[in-house]
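Shown next, in structure tokens, is the structure this report addresses.
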Amino acid sequence: MPILSTTDLNVSRLCLGGNVFGWTADEDQSFAVLDAYAAAGGNFIDTADVYSAWAEGNSGGESETIIGKWLAKRTDRDQIVVATKVGMLAGFDNQKRDTILTSAERSLKRLGVDHIDLYYNHRDDPNTPLEETLAAYDQLVRDGKVRYVAASNFSAERLARALEIQEREGFAKFVALQPEYNLVSREKFEGDVRDVVAKNGLATVPYYGLARGFLTGKYRPGVEVHSPRAGAASKHLDEHGLQVLEVLDELAETHRTTVAAVALAWLAQQPTVAAPIASARTLEQLSDLTPVLELELTQAEVDRLSAI
Ligand SMILES: NC(=O)c1ccc[n+]([C@@H]2O[C@H](COP(=O)([O-])OP(=O)(O)OC[C@H]3O[C@@H](n4cnc5c(N)ncnc54)[C@H](OP(=O)(O)O)[C@@H]3O)[C@@H](O)[C@H]2O)c1
């Protein structure tokens with residue numbers, strides 16, 4: 001298992017995305033997916049206070065609550081790395097000190113744990129001084145409520161600035177970045193952002209590892225997909241996307257595995273990446289993803305996909 005940058009967290013090569021829990025997967029389905037993921041060797045779960053506030057009847061916190069109930073049934077809480085986030089839930093959508101401290105307490109309660117393993121700043125807040133934000137995260141670490149802190153959706157410039165402040169003030173430093181990054185969305189991460197991550201020894205934990213389902217291969221010309229993600233996912237169905245799918249199909253056949261596993265393996269083998277995040281709504285979907293826990297592409301295969 002890769003160790004997450006400078007931490008002592010051993011994480012599996014697939015991080016399970018939690019935004020489906022309480023949204024497209026009800027509680028029973030979520031428990032089944034979580035059980036199967038852990039049984040396959042997965043130990044890294046990603047959620048956020050805001051998941052999944054956008055679903056009808058929800059107000060946020062549903063995913064954390066389901067994960068909390070699931071953890072309570074298990075005896076291996078210490079083997080599971082739980083990551084959650086603050087900063088996008090209505091009423092708590094900023095990075096002010098009070099928001100961070102209050103939201104952490106609310107997340108701890110919903111998750112039913114005494115500490116969060118990895119706590120993300122979900123989105124940079126240009127309206128709050130970074131010093132105030134970073135001091136609050138540092139306090140959570142000092143108080144033992146959070147083990148490590150991380151950033152999501154930061155620009156290269158703001159990430160570098162945050163790391164400088166953390167260094168200067170002796171604050172707990174960000175150990176990871178969670179950007180959008182996958183085989184068909186590369187430009188925002190590869191380049192300046194990745195350079196800052198690499199230079200500072202952070203780990204990358206990319207989200208939308210499957211480009212919202214596109215990289216499972218289920219979006220094809222003439223095929224209608226029923227999913228709340230279909231609109232955004234099918235945007236990748238252009239010439240470039242089809243070229244990517246063609247090579248993924250071929251490599252999946254070579255390795256006798258799934259298109260999704262090959263796409264996630266490519267991501268897992270990119271510089272600085274510790275574990276891609278992907279979600280599954282059902283056991284069938286999950287079983288297409290878990291082969292990435294073992295799958296290694298050759299360098300030539302990685303290069304071939306990168307070149308498209
Ligand atoms: N930091 C951030 O700002 C941020 C933003 C977004 C997401 N995230 C995190 O990243 C995680 C992953 O993002 P995501 O779940 O939106 O996208 P994703 O992992 O790229 O796509 C997952 C979706 O693809 C479909 N899928 C998965 N396996 C499949 C299979 N075998 N066959 C067919 N379809 C399959 C499912 O959706 P359908 O069945 O509905 O098609 C599934 O929910 C989230 O859960 C969350 O933890 C973070």
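All heavy atoms count here, side chains included; hydrogens, waters and symmetry mates do not. Counting convention: from 1, in listed order, for ligands and their atoms alike.
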### Residues Glu131 and Arg97 bridged, charged N to O under 4.0 Å
no
#### Entry: Protein contact of atom 40 (O) of ligand 1 - nearest heavy atom, named by residue and atom, plus distance
Ser227 OG, 2.7 Å
## Note on the structure
Of all protein heavy atoms, the one nearest atom 46 (C) of ligand 1 is Tyr51 OH, 3.3 Å
### Task
If you have a sec, work out which protein heavy atom is nearest atom 14 (P) of ligand 1 and how many Å separate them, to one decimal?
Arg229 NH2, 3.6 Å
### Glu27 CD: over 12 foreign heavy atoms closer than 6.0 Å
yes
### Summary
min-distance protein heavy atom vs atom 13 (O) of ligand 1 -> Tyr208 CD2, 3.6 Å
### Message
Counting neighbours of CZ on Arg256 that are heavy atoms of other residues, nucleotides or ligands and sit closer than 6.0 Å, is the number greater than 12?
### Response
no
### Message
Using side-chain heavy atoms (C-beta onward) and a distance below 4.5 Å, is Leu71 in contact with Val82?
### Response
yes
#### Entry: Protein heavy atom at shortest distance from atom 47 (O) of ligand 1
Asp46 OD2, 2.6 Å
### ligand 1 contact by Gly18, heavy-atom criterion under 4.0 angstrom
yes
### Query
For Lys96, does the NZ atom have more than 12 heavy-atom neighbours from other residues, nucleotides or ligands under 6.0 Å away?
yes
### Query
Got more than 12 heavy atoms from elsewhere within 6.0 Å of CD, Glu246?
no
### Summary
The protein heavy atom nearest to atom 15 (O) of ligand 1 is Ser279 OG, 2.4 Å
### Query
Got an N/O contact under 3.5 Å between Tyr219 and ligand 1?
no
### Message
To check your reading of the model: name the closest protein heavy atom to atom 41 (O) of ligand 1, its residue, and the distance in Å.
### Response
Lys218 NZ, 2.5 Å
### Task
Please confirm whether Met88 comes within less than 3.5 Å of ligand 1 when only nitrogen or oxygen atoms on both sides are compared.
no
### Query
Applying a 4.0 Å heavy-atom criterion (strictly less than), which segment of Asp288 is in contact with ligand 1: side chain, backbone, both, or neither?
side chain
### Query
So which protein heavy atom does atom 7 (C) of ligand 1 come closest to, and at what separation?
Tyr207 CD1, 3.7 Å
